[in-house]
Amino acid sequence: MGKEGGCGQNKTMVKQEQELANRPDNTAFTQQRLPAWQPMLSAGIVIPGFVIIGLAFIGIGVALFITSKNIQVMEMDYTGFEPDSDCFKCSNPEEKNCVCQLDFNISSRFEGPVFFYYGLSNYFQNYRRYGVSKDDAQLSGDLDNFKSPSDTCSPYDTDGIKPIVPCGSIANSMFNDTFLLYREVNGTNELVPLDGKGIAWWTDYNVKYRNPNVTPLKEAFEGTVKPLFWPRPAYELDTSDPNNNGFINQDFLVWMRRAALPDFRKLYRRIAQGDYARGLPAGNYSLKIAYNYPVLSFQGRKKVVFSNVSWMGGRNDFLGIAYLVIGSMCVFMSIVMLIVYAKFKFPEED
Amino acid sequence: MARDTEDRAAGTHKAERRQRGRSKKKPKETRTVRVHTGHEHNPNRHYANNRIKTTKYTVLSFLPKNLFEQFHRFANVYFVFIALLNFVPVVNAFQPELALAPVVFILSVTAIKDLWEDYRRHRSDTEINHMDCLVYTERRYVERFWKEVQVGDFIRLRCNEILPADVLLLSSSDPDRLCHLETATLDGETNLKQRQVVRSFFDLDCEFDPLKFNGIIECEKPNNDLNRFRGYILHRSGSRDALYKDNLLLRGCTVRNTEEAVGIVIYAGHETKAMLNNNGPRYKRSKLERQMNVHVFWCVVILLLMCLFAAIGHGLWVFQYGDKRPVFDVLSPEGAELSPVVAAVYLFLTLIIVFQVLIPISLFVSIEIVKVCQVFFIHQDQDLYDEDSDSRLQCRALNITEDLGQTQYVFSDKTGTLTENKMVFRRCTVAGVEYSHDANARRLALYQEVDSEEEEVPPPGGSLRRDSSSSQQSSRVVLRSLSTKTHRRTGSRADAKRASILSKHTAFSSPMEKDVTPDPQLLDKVNECGGQMDFMRFHGQPVSQLPSDLADIMDFFMALTVCNTVVVSSPNQPRQKVRMRLESKSPVKTIEDFIKRFTPSRLTSGSSSSSSSSLATSRSSNRGCSGLLSSPSAESTLAKLQEEQAALGSAPPRYDGTPRSPEDGELRYEAESPDEAALVYAARAYKCSLVGRLPDQVTVELPHLGKLSFELLHTLGFDSTRKRMSVVVRHPLTDQITVYTKGADSVIMDLIKPPDTETSKGRRQKKLVLRTQNYLNLYAADGLRTLCIAKKVLSKEQYACWLQRHLEAETAIQGREELLFDSALRLETNLQLLGATGIEDRLQDGVPETIASLRQAGLQIWVLTGDKQETAVNVAYACKLLDPEEEILTLNADSHEACALLLEESLHYIQTKFLCSSSDQAAKAFLPNFAPFEVYPPSSSSPHSAAFTVHRLGLVIDGRTLAYALDQSLEDRFLAVARSCRSVLCCRSTPLQKSTVVKLVRNKLKVMTLAIGDGANDVSMIQVADVGVGISGQEGMQAVMASDFALPRFRYLQKLLLVHGHWSYSRLANMILFFFYKNAMFVALVFWYQFYCGFSGSAMIDQWYLIFFNLMFSAFPQLVTGTLDKDVSAETLQQLPQLYMSGQNSEEYKPYMFWMNMIDAFYQSLVCFFIPYFAYADSDVDVFTWGTPITTLALLTILVHLGIETRTWTWMNCLSISFSVSLFFTVSLCYNASCPSCFSPSNPYWSMQRLLQDPLFYLLCVLTPVAALLPRYFYRACQGTLFPSPVQVGRQLDKLPSETRRNILNLGGVEAGSAVRPVPHFLSLGTPSPEGPDENHQRTEELEFLPLVSWNVFIHIPQPLLCISEMEFRVCVF
């Protein structure tokens, strides 16, 4: 009698209450007879399938490509890397409060609404340690975290004595160039109104980032210092509009949403007001840039981008091309297979 | 006891001193057992008690011990390490608590499973521990639980009780002081074993009184050798009694035929031999898992490489900035800058965390889940359910289901596994006339049918008495239903537990064996013969005047009845030996009695006293189980005999004419070998029944003549060298001394007296011999076990002469065995052939078919049996293991050198015959039969045996030769011979040899082995093999306990292997590959991102997705596929056993497949990464708004990939895939809506919601999976058409309508067991089959789309060449 001598029997016994209680259930499931469909990768299915998919993709690709081609984009580098650039003088880190100007011409109307982006290259907002360097609780207006910022902000949590608000590297490195766009109308420069509202995510502005429930806002920041690189404290980011101040400043929100890739652009303003609602008319423009943000030290580049958007976002030819390529490949493969089938079928028919 | 007192004075001092001396010298050599009668403290308490505990854990130890065990799995340590790494701030990648979640989940799932298993063990332990037995305490026997039994306890055993411990037999109610034992649960042998009372208690007439026992038992330490027990009882008197294995009753055996026995417990609980033999099942790791582990290791290497690459990249990235720190750089918390090297080291660790997913944490758990599901389905299969025993397949090992699909060698026990272990008399030939017993054959056929259907005959509770005058037919029905009830144990399920533990079923009692429908012709003759004899006796004529054919018939049945060792018992429990004394004499107890009866007039008191001294020795040699030749006579007999010679004729024949008394009822025959019983039953069918057997007398009941007593002068027991047994009796009718011999035809035929062709009698004899030989060949071809029956009449002088030398031999000191052998030879010569019998050890249903189809499946089948060679060979033929057309190599050697020579010769023979001369031809001739698919060339089918193709050869080897062959110096040669044979048959092999053979094959040939057996003698083999299968049939539970799978019948092995094994393997292999692919693909996404984030270890995929992707989002569909996917339908798999080879050759999981999958994974991840990359280039997308689509794309791609790899779609697959997708979206929507300022660093608040409003997202979702899977899909499509694997062909067959499929299968000649069959080389698909023209036409159209090349491959099956000579290659060295 084995050590488990009764085990098997035991189990049997328990089940033997009824006659033939051990008989397995005769269901399609237990007998593995569920109705099943066996997709067979045979020519009858594969070739027509490939053709249909290919054609559909080509169709989509053409549509996307045309849409993308209709989108206008204008990019201008203003890093001041080249000596002949107006911003060259500002590229020297020693230069403070430097303002440079970028002139450009639009030959035909730039259809509105026009989006005005600033772009940075070789800038790693997705750097891992950079990405965690913030305090979400603080940014959602928790006053406790004003006094003692989270460790994640370290070493940008305190200036040694006082806590930094908003703490962390992301906030600290906030982009602080500002732009003013002028259009030359009849020899004078007319300021193009730039709309800074609604450039951040609605949820960021309304839900995620919250100022402390203190008025005036300044009092909440009592006993804290501004981030090292900032010229002004957070509550003075936009003195004109109290709803665009503190943590819910739209530029701040845009910056805090870290870019996925090292070459990125971020929405700066929209041009959608007044005469410019339909876009930028042809003509000469000049962009006055308050050049504050140093990028040359890490081989970065700065640029401004004007673009309009379609339903699929900004201009991107890639997706259309990709659809076209994949679609063509499908069609091509179906042809290959047809040949293969034809070739291997004939000897059999003899 | 009397002797004790005598000896006490003499030896006490000396013995004690010796005893003391010994115990000092070798304190640990022996175990001393003192008596424990319940009063005092048990003096043996330091020995293990009888409680058994096989559980691994206790409540307290569970957690630490289980964790400890789980951490033996390297992967678990790894995952815990990584989770803990997250708690180190400099390197952490995820929220530490979150990172712990998966590993905790995994560990707890496994822990719960272990707990459940342990609980089951605990329950069974408890049940066994609480069985009852009678223990002597406080001057009486009290019911106690098994667990309370202790060493030194006296135990009273009743009939049919199971022994609770190893017990030394001290007393038995049996008059011969024997205890009959059924050891089926231990060694699988169903015959009764006799165990003897310890010699000094032999003559105890009164009841054994434990209190009077005053000895000390000194014996071996517990060991696991079932066949060894040595020790002695040291009586207080100082005398010693040696103890042998014949005195020991082993735990687990059942007491039979003995009303009561008393013994003292020597070993208890875990120290019993049964338990020591029962090593826990070793942890088996399936081949697939071993293979997988290699690839897990490779994954680790890939992971480290990736980490190293990224770390170096990061170091360089940091280095390039030099001192000018970019504005986005973050200083270390201390404000210091990290040097590039330190940064790289930190990053390396961080990346290990981030990339950990590459080592699929959920893989192990998923595999376990899938295996449990597979086990569930195997368990549920109705085809593996045996209605007769209401038992279904049991999977006892949960983790090696896929090994079932990779088995290459099957080692099978024979008796009880291939056969029913029920011997049935089939036909006989007497005096050269064949009696075909057609009615009997029909009856057997009927049983077969009845067996296959479920018979629900209500057992008529009425009389079971066999009325000799009633028709055979009716009594058969009654008997059968009785037996149905008891044997099948379906009668009282309430009592089923008891019934099965104390199984009342005897081995040879099925109606099939008991009832023989007599051949009418023969029956007439027997009747005639009986009538004539009656007449003659009545008229005082000598019986020798009987016509010789009738006399032969009479003698034939006499021989069947007498020439055996069958014990007669009555059916009512407790069984008792039937003692049928026809005279009023008291039972013969002494030799003197015997002599007295032999020579009634010349008894002298002197002879009686002189023989008393030799009493003990003669008894022991008579009754000893191992006694080679035994004779109930003593020296004195001889003298009496010589004097008596002249007077002999006067002894009156003992018989009375009374019909059998009703009390006799149905007699039961219990035999050492089942065919003996079968013969006795057969004789009974001819009304020639054995009604009683005593050591010196056999009583036979004959028609017309009534009961006759044969004086049994000698029994020359069966042994494997002589291959025959003989009895010497005095025939009561003729009063001649007659030798009846029964044995293997090969030996008996040589011993037949060469007929004198001069006389007519001689001519008749010669004809008889020739005819009989002819019939014997026929029987053997039929797979019947043949036995020849012969007789010889000795004159008194001859007998006396022989007896004298025989007695000399018996008393010889040196070379006794040889002398006895010679003595037997002298007796068994010049025999007169009476006839031959054909006995069928009925094969289980479907065995030949199963073997044929397993063989087609590429399995090498070896049969390892303890049976004798002839029987084994016969059965091997019957079950189509050996083919009459193939050559048989028989290896019988009796020395190491001879064996070496034999092997060398065989090897040479094989080489010359098959490899050199006609290697191509032979291989081709055989291959089609073996592997109809030419896509399996022999060289690639098993890489290890490239040089060894399997030939049409059978190898038969006996146990002794096997012992030499398994020697280290010869094993390689043996294997070389054996592996080139198609089938191997090892006879007379011991359990140890069985396991050695399996071990040898497994280790040397590196193949997957499966051992199947039903008895305890198969346990070791079952445990050694990669897959152990137990037959839960006749012989107890031992094999089942040791097995990984327990089957009710052998034939279920076919479906278990071909279908479930194949499925399990294919499912798991695909699932594992998919797992590797999935994880690599997912992790690679993050890896590519490193190139765009300064190798900083950041991930665009949210940590939640990263951690739960494997565990939740992508888990279910692959589990469903891994559980339910069927690459080929069960029917096709069974009809085309060749498909099984894909598993044997590991075709679903080859190393290159892993790498292909990895490459595909990297390709797919590139697609999934770069399509979004370019699509979102030059946009203001943020990290996680960009990463979430990538996650989604990866999920979709993975699911579609799974869809491509899924061969069978059921609603479960569809459901699981849609569930997965919706789970992902639901979870991410909830997650992204749950907390605006949590889950740093991603803060995914509202990301998914916004994405769902973005048309670009949907465009990506359509494009990316298609682009990613295009190559794989294209490959699959082409492969399925251009070069389909056999499995794919099988799948295509599935798609055909059943009619067409059947036609194709039949044409393909792949039906089981029909190897030789004309085969059309091509099947014209254009030709519609005759039936259903419309449908078929339509079908033909469809067929055209099927890959036609594959048909070519499939149907191109050359005809097997039948040119192999039928020469029999026998090398016999004696």
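Below, chain A is the first sequence line, B the second, and so on; all start at residue 1.
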From NZ (A:K208) to OG (B:S1237), nearest 0.5 Å: 9.0 Å
Proximal component of B:L384, with respect to chain A [non-hydrogen, under 4.5 Å]: neither
Contact leader toward chain A among B:D329, B:T1123, B:T126, B:L347, where contacts are heavy-atom pairs under 4.5 Å: B:D329
Among B:Y1089, B:W1211, B:F1095, residue most engaged with chain A (heavy-atom pairs, under 4.5 Å): B:Y1089
Heavy-atom pairs under 4.5 Å with chain A, option from B:S1129, B:C1214, B:A1175, B:P164 with the top count: B:A1175
Exam field: side chain A:K303 to backbone A:S121, donor-acceptor pair closer than 3.5 Å: no
Region of A:R33 that comes under 4.5 Å of a non-hydrogen atom in chain B: backbone
Contact origin within A:Q32 toward chain B - heavy atom pairs under 4.5 Å: both
Donor-acceptor under 3.5 Å (A:D136 side chain, B:C1238 main chain): no
Choice from B:W1063, B:F377, B:Y321, B:F376 maximising heavy atom contacts with chain A below 4.5 Å: B:F377
Sidechain-backbone polar pair: B:Q382 side chain, A:Q31 backbone, donor-acceptor under 3.5 Å: no
Side chain to side chain contact (heavy atoms under 4.5 Å, CB included) evaluation trace for B:V327 with A:Y293: CA-CA 9 Å; B:V327 64; A:Y293 207 71; 3.5 Å; yes
Contact winner vs chain A - B:S1242, B:C1093, B:P1241, heavy-atom pairs under 4.5 Å: B:C1093
Residue B:S1179 versus chain A: region with a heavy atom under 4.5 Å: backbone
Contact leader toward chain B among A:L139, A:T27, A:V207, where contacts are heavy-atom pairs under 4.5 Å: A:V207
N/O donor-acceptor pair under 3.5 Å between B:W1186 side chain and B:P1172 backbone: yes
Greatest number of heavy atom pairs closer than 4.5 Å to chain B - which of A:C330, A:A259, A:G313: A:A259
Structural part of A:I170 lying under 4.5 Å from a heavy atom of chain B: neither
Residue selection (most heavy-atom pairs with chain B, distance under 4.5 Å) from A:R128, A:E75, A:R258: A:R128
B:K53 with B:D125: basic N within carboxylate O range, under 4.0 Å: no
Aromatic plane relationship, B:Y1173 with B:Y1092 - under 30° parallel, 30 to 60° tilted, over 60° perpendicular: tilted
Backbone N/O of A:D151 and side chain of A:D157: donor-acceptor pair under 3.5 Å: no
B:Y1273 side chain vs B:V1266 backbone, donor-acceptor pair below 3.5 Å: no
Residue among A:M312, A:K266, A:K134 with most heavy-atom pairs under 4.5 Å to chain B: A:K134
B:D1127, part contacting chain A, at a heavy-atom distance under 4.5 Å: backbone
A:N316 versus chain B, the contacting section by heavy-atom distance below 4.5 Å: side chain
Option that, when pairs with chain B are counted at under 4.5 Å, heavy atom only, ranks first among A:F115, A:F229, A:F57, A:F264: A:F57
Rounded distance (nearest 0.5 Å) linking atom OG1 of B:T1206 with atom CH2 of A:W37: 10.5 Å
Side chain / backbone / both / neither for A:T30 at chain B, heavy atoms under 4.5 Å: both
Atom group of A:Y117 that falls short of 4.5 Å from chain B, counting heavy atoms: side chain
Per-residue contact mode, B:F1170 against chain A (heavy atom under 4.5 angstrom): backbone
Under 3.5 Å: donor-acceptor pair, side chain of A:D135, backbone of A:S150: yes
A:V336, part contacting chain B, at a heavy-atom distance under 4.5 Å: side chain
Side chains of B:N1213 and B:T1210, donor plus acceptor under 3.5 Å: yes
Top of B:D1180, B:D1182, B:D381 for chain A proximity - count of heavy-atom pairs under 4.5 angstrom: B:D1182
Region of B:H1060 that comes under 4.5 Å of a non-hydrogen atom in chain A: side chain
For chain B, the option from A:W202, A:W311, A:Y123, A:Y156 that forms the most heavy-atom pairs under 4.5 Å: A:Y123
A:F298 versus chain B, the contacting section by heavy-atom distance below 4.5 Å: both
Side-chain donor/acceptor of B:H379 to backbone N/O of B:Q394, under 3.5 Å: no
Any donor-acceptor N/O pair, B:S1098 side chain to A:N126 backbone, under 3.5 Å: yes
